[in-house]
S.K.: 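Quick one: structure below, then a few questions.
First listed ligand is number 1; within each ligand, the first listed atom is number 1. Worth knowing before you read on, the calculation uses all heavy atoms, side chains too, and leaves out hydrogens, waters and symmetry mates. The residues of the chain are indexed from 1 along the displayed sequence. Source: prediction; values computed, not measured.
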Amino acid sequence: MSASASNTASSSHTIEDYDLVVLGCGEGTKYLAWTLARQGKRVAVIERKWIGGACPNMACLPSKNIIHSAKVASYFRRGNEFGMHLEAEDDVVGAELRVDMRTVQGRKRRMVEGLVQMHLDNFSSSGAELIMGTGTFIAPRTIRVDLNEGGTRILRGTDVVIGTGTRASIPDVEGLAAARPLTHIEALDLDELPEHLIILGAGYIGLELAQAMRRLGSEVTLIERFARLLPSVDEDVSAGIAELFSEEKIAVLTDAYPLSVSGESGKSVTVEVCAYEREKGVDHIFKLEGTHILVAAGRAPNTNGLGLDLAGVELSGGYVRVNERLETTAPHTWAIGDVAGSPKFTHISFDDFRIVRDNIAGGNRVTTGRQVPSCLFTDPELASIGLTESEAKRNGIPYRLAKIPMAADLRTRTLSETRGFLKALVEADGDRILGFTGFGVGAGEIMAAVQVAMLGNLPYTALRDAIITHPTLCEGLVALFSKVPPIGKNG
Ligand SMILES: Cc1cc2nc3c(=O)[nH]c(=O)nc-3n(C[C@H](O)[C@H](O)[C@H](O)COP(=O)(O)OP(=O)(O)OC[C@H]3O[C@@H](n4cnc5c(N)ncnc54)[C@H](O)[C@@H]3O)c2cc1C
Ligand SMILES: NC(=O)c1ccc[n+]([C@@H]2O[C@H](COP(=O)([O-])OP(=O)(O)OC[C@H]3O[C@@H](n4cnc5c(N)ncnc54)[C@H](O)[C@@H]3O)[C@@H](O)[C@H]2O)c1
C-alpha cells in the first residue's frame, strides 16, 4: 500500500503519511500492524534486522528448540532406564553420546526460516508494509528510516508505536567486553559445542541455557551474585533447581561475581571471580578457566539514539515512560513490550498489543491488575502465577497453603519424571486462589488450568471437585487442591 506524500521534511525528502507507524517488529507491534492493516488502515513497520522480533529469531522459540534437542540428549543418556540399547553398545550409560551441533542448529534454523516466512505472509495478506531499516525520530510522530538497502525515507503516523525491545546488558567488568562474550544470540547459534562454558548470571537465560548446553555435552559453570539461584522465587523452588543442577553436574557459584576477564571467548577465557563464603564471612578470589563466556546478566532497553527527545517521549530508568494505557508522554505515541518496561515476556508484549489496539480505537484498556504468568523452561519447568509464598509472607498476606510432590500426580510416574512439586495459595478466610507455583514436568501446561480458574474467579473447590481425565498431568490439581487445609488451619 503506498502512502500519500503530504509535505516535505527537507529539500530532498518527502514525508510519507500513514495511519500507524511502528518502530520495531516485535511481538506486540507486529500484531498491532497486521490488525490495523486488516481494518483498512495505512500501516508501516520499521525493522532493522529481525522479521518478527526477538521471540521467533533469537529468543523464546530458538531457545526452546535447542532445549528440546537437549532433552532428547538426556533421553539418550537415560536409554538403559527405558530398556533402550544401541546395537553397537551394550551399556548405553557408559557409551559416549556424540552430539552433532550442526544438525541441532539445522533443525532450529529450519524452524526459524519457517517462522520468518509465516511473518512475511502475514505482512502480504494484511497489507501492512514492512520497511527494513533503522528508525530514528526527527520530530513528534515522525521517523527517518535509514534503509538497509541504502537511502532514507521519512514517515509520519497519525499514531506511532515504539516497540524496540531490549538487548543483553554487558556488566562493566574489566576485560569483559574485550573478551567478546557470547550473548544469547550467539550462544543459540553455535555450530560447535563449547568445551567449558562460563555463564555470567543465573536468571532465566542463564538457567535455561546452562542446562541445555550441559546436556548437549559442555562443561558449564554459572556465576551468580546473589546467595541463591533465582532469588525472587520461593526458597523451596530455588533449592529444587540447585539440586537438579548439582545432579546434572552444572557447577554453580553463588554469592559470586567477576572482578576481571581476560582472553577471548571461543578460544580461552580466564575469569577472576570473587566469591563470598557465607559461613565464614570471607571473600575468596580465584581464577576460573573456560573456553567461552556467555553474558546473561539482565537486559538493557533499546532507547539510545532513537531521538526520543525530538518526539517528546520521556524515559524512566532508560525505558520509555508510559501510563497504564501504554501512552508515552507524547500525544498519539505509544510503547509496547520490553522497551515500555512491561514484564519481559512475549505473552505480555502480546497483551500490550491488545491494550494499545483498543485504546487507539477510543477504548480504555489498562495494564494494571493483569495476570503475569511465567514459565522457566528448565527440565522440569518452573511455572508461576499470582502470589508466591514468599511474597505473601513478605507482605503479611494471610493464606492457606497446599503442596504436593509431583510423584502424587500419577502421570509423572508413567513418565519417570517425578521430580518437584506443585503448590497453591488460597485465601485464609475464603476459597479464592491467590497463586500457584509448579516445579515439575509440564508445569507450564498445568498452570494454565489454574490460571483459567483464577480468571473466572472460581473457588479452589471447583478444581478440587472437577473430573479431570486420568492419567493427565492436570489431574494432579485434584490432589493439590484436596490438600488445602480447612479455614483457620494453615498447613
Ligand atoms: C534467550 C531468550 C529467551 C526468551 N524466552 C522467552 C520465553 O520462553 N517466553 C517468553 O514469554 N519470553 C521469553 N523471552 C523474552 C521475550 O523474548 C521478550 O520479552 C519479547 O521478545 C519482547 O518483545 P518486544 O515486543 O518487546 O520486542 P522485541 O521482540 O525485542 O522486538 C524489538 C524489535 O525492534 C527492533 N529495533 C530496535 N531498534 C530499532 C530501530 N531503531 N529501528 C528499527 N528496528 C529496531 C529490533 O531489531 C527488534 O526486532 C526470552 C528472551 C530471551 C533473550
Ligand atoms: N522462559 C522465559 O520466559 C524467559 C527465558 C529467557 C529470558 N526471559 C526474559 O528475559 C529476561 C532477561 O533474562 P536474563 O537471564 O538476562 O536476566 P535476569 O534478570 O532474569 O537474570 C540476570 C541474573 O544475572 C545476575 N547478575 C547480573 N549481573 C551480575 C554480575 N555482575 N555478576 C554475577 N551475577 C550477575 C542477576 O543477579 C540475575 O540473577 C528475563 O527477566 C525474562 O523476563 C524469559
Side-chain angles (χ1 to χ4, degrees), residues 22-32 45-64 66-67 131-137 143-146 148 161-173 176 183-185 187-188 199-209 222-232 253-259 271 273-275 294-307 335-350 352-353 372-378 381-383 444:
V22 161
L23 184 57
C25 184
E27 178 71 6
T29 48
K30 70 198 178 199
Y31 276 97
L32 186 68
V45 176
I46 304 160
E47 170 56 47
R48 62 186 173 190
K49 182 164 188 188
W50 308 104
I51 297 172
C55 167
N57 287 288
M58 43 71 168
C60 325
L61 297 172
S63 60
K64 270 77 247 180
I66 299 286
I67 285 169
I131 300 171
M132 296 306 292
T134 300
T136 317
F137 280 92
I143 299 176
R144 187 192 68 232
V145 189
D146 293 312
N148 288 355
V161 180
I162 305 161
T164 47
T166 53
R167 62 186 185 282
S169 83
I170 310 291
D172 186 16
V173 172
L176 178 58
T183 68
H184 60 284
I185 299 179
L188 286 168
I199 303 181
L200 183 54
Y204 270 77
I205 296 175
L207 293 178
E208 287 184 357
L209 290 187
L222 269 168
I223 303 175
E224 169 55 48
R225 63 183 167 189
F226 286 117
R228 57 186 176 90
L229 298 174
L230 291 178
S232 58
L253 301 171
T254 47
D255 267 332
Y257 61 94
L259 293 170
V271 184
V273 181
C274 177
L294 162 64
V295 178
R299 312 289 297 169
N302 291 326
T303 48
N304 289 352
L306 288 186
I336 278 182
D338 285 10
V339 79
S342 296
K344 294 183 181 65
F345 299 109
T346 290
H347 43 276
I348 294 298
S349 181
F350 183 78
D352 285 0
F353 140 64
V372 182
S374 64
C375 185
L376 172 76
F377 290 89
T378 45
E381 296 167 359
L382 163 61

S.K.: Ligand 2 and C375, any nitrogen or oxygen pair closer than 3.5 angstrom?
M.R.: yes
S.K.: Would you mind listing which atoms of ligand 2 come within a distance below 4.0 Å of any non-hydrogen atom of A256?
M.R.: 33 (C)
S.K.: Could you pull out all residues at least two apart from F345 that satisfy ring-ring contact (aromatic ring centres under 6.0 Å, His included)?
M.R.: Y204, H347
S.K.: Looking at F377, which atoms of ligand 2 are within less than 4.0 Å of one of its heavy atoms?
M.R.: 1 (N)
S.K.: Could you tell me, atom by atom, which parts of ligand 2 come under 4.0 Å of a heavy atom of F226?
M.R.: 37 (O)
S.K.: Looking only at distances, can you tell me whether any N or O atom of K344, backbone or side chain, sits closer than 3.5 Å to an N or O atom of ligand 2?
M.R.: yes
S.K.: Who are the residue neighbours of ligand 1 when the rule is a heavy atom under 4.0 Å from any of its atoms?
M.R.: L23, G24, C25, G26, E27, G28, I46, E47, R48, W50, G53, A54, C55, A59, C60, S63, K64, G133, T134, G135, G163, T164, G165, H184, I205, R299, L306, G337, D338, K344, F345, T346, H347, S349, F377
S.K.: May I ask you to identify the nearest protein heavy atom to atom 22 (C) of ligand 2, giving residue, atom name and distance to one decimal place in Å?
M.R.: A296 O, 3.5 Å
S.K.: Starting at CD1 of I348, measure out to OG of S342 and round the result to the nearest 0.5 Å.
M.R.: 7.5 Å
S.K.: Is there a polar contact, in the sense of an N or O pair closer than 3.5 Å, between P231 and ligand 2?
M.R.: no
S.K.: Give the single entry among P258, A297, A59 that approaches atom 31 (N) of ligand 2 most closely by any heavy atom.
M.R.: P258
S.K.: Considering heavy atoms of the protein only, find what lies nearest to atom 30 (C) of ligand 2 and give residue, atom and distance to 0.1 Å.
M.R.: L200 CD1, 4.0 Å
S.K.: Could you check atom 11 (C) of ligand 2 against the protein and tell me its nearest heavy-atom contact, residue, atom and distance included?
M.R.: R299 CG, 4.0 Å
S.K.: Looking only at distances, can you tell me whether any N or O atom of P171, backbone or side chain, sits closer than 3.5 Å to an N or O atom of ligand 2?
M.R.: no
S.K.: Ignoring hydrogens, just give me the one of S63, P373, A168, G298 whose non-hydrogen atom is nearest atom 19 (O) of ligand 2.
M.R.: G298
S.K.: For atom 24 (O) of ligand 2, grab the closest protein heavy atom and report residue, atom and distance to one decimal in Å.
M.R.: G201 CA, 3.2 Å
S.K.: Can you sort out the partners of R48 under side-chain contact (heavy atoms from CB on, under 4.5 Å), two or more places apart, ordered by chain and number?
M.R.: T134, N302
S.K.: What residues form a ring-ring contact (aromatic ring centres under 6.0 Å, His included) with F377, not counting sequence neighbours?
M.R.: none
S.K.: Nearest protein heavy atom to atom 18 (P) of ligand 2, by residue and atom, and its distance?
M.R.: G203 CA, 4.1 Å
S.K.: Would Y31 and I336 satisfy side chain to side chain contact (heavy atoms under 4.5 Å, CB included), going step by step from the backbone distance to the final call?
M.R.: CA-CA 11 Å; Y31 276 97; I336 278 182; over 6 Å; no
S.K.: What atoms of ligand 2 come closer than 4.0 angstrom to any heavy atom of I205?
M.R.: 6 (C), 7 (C), 13 (O), 14 (P), 15 (O), 16 (O)
S.K.: Using modelled atom types only, decide if a donor and an acceptor are shared between the side chain of T136 and the backbone of G307 within a distance under 3.5 Å.
M.R.: no
S.K.: Counting C-beta onward and ignoring hydrogens, is there a side-chain heavy-atom pair between V173 and Y257 closer than 4.5 Å?
M.R.: no
S.K.: Pairs of nitrogen or oxygen atoms closer than 3.5 Å, one from Y204 and one from ligand 2: do any exist?
M.R.: yes
S.K.: Give a yes or no answer on whether the side chain of E27 reaches the backbone of S349 with a donor-acceptor pair at less than 3.5 Å.
M.R.: no
S.K.: Have a look at I143 and tell me which of I162, V22, I46 forms a side chain to side chain contact (heavy atoms under 4.5 Å, CB included) with it.
M.R.: I46
S.K.: For atom 25 (C) of ligand 2, grab the closest protein heavy atom and report residue, atom and distance to one decimal in Å.
M.R.: E224 OE1, 3.2 Å
S.K.: Which of the atoms of ligand 2 are close to E208, meaning less than 4.0 Å from one of its heavy atoms?
M.R.: 1 (N), 2 (C), 5 (C)
S.K.: Starting from atom 33 (C) of ligand 2, what is the nearest protein heavy atom, named by residue and atom, and what distance separates them?
M.R.: R225 N, 3.3 Å
S.K.: For residues K30 and V45, determine if any side-chain heavy atom of one lies less than 4.5 Å from a side-chain heavy atom of the other.
M.R.: no
S.K.: For N57 and I51, indicate whether the former's side chain and the latter's backbone hold a donor-acceptor pair under 3.5 Å.
M.R.: yes
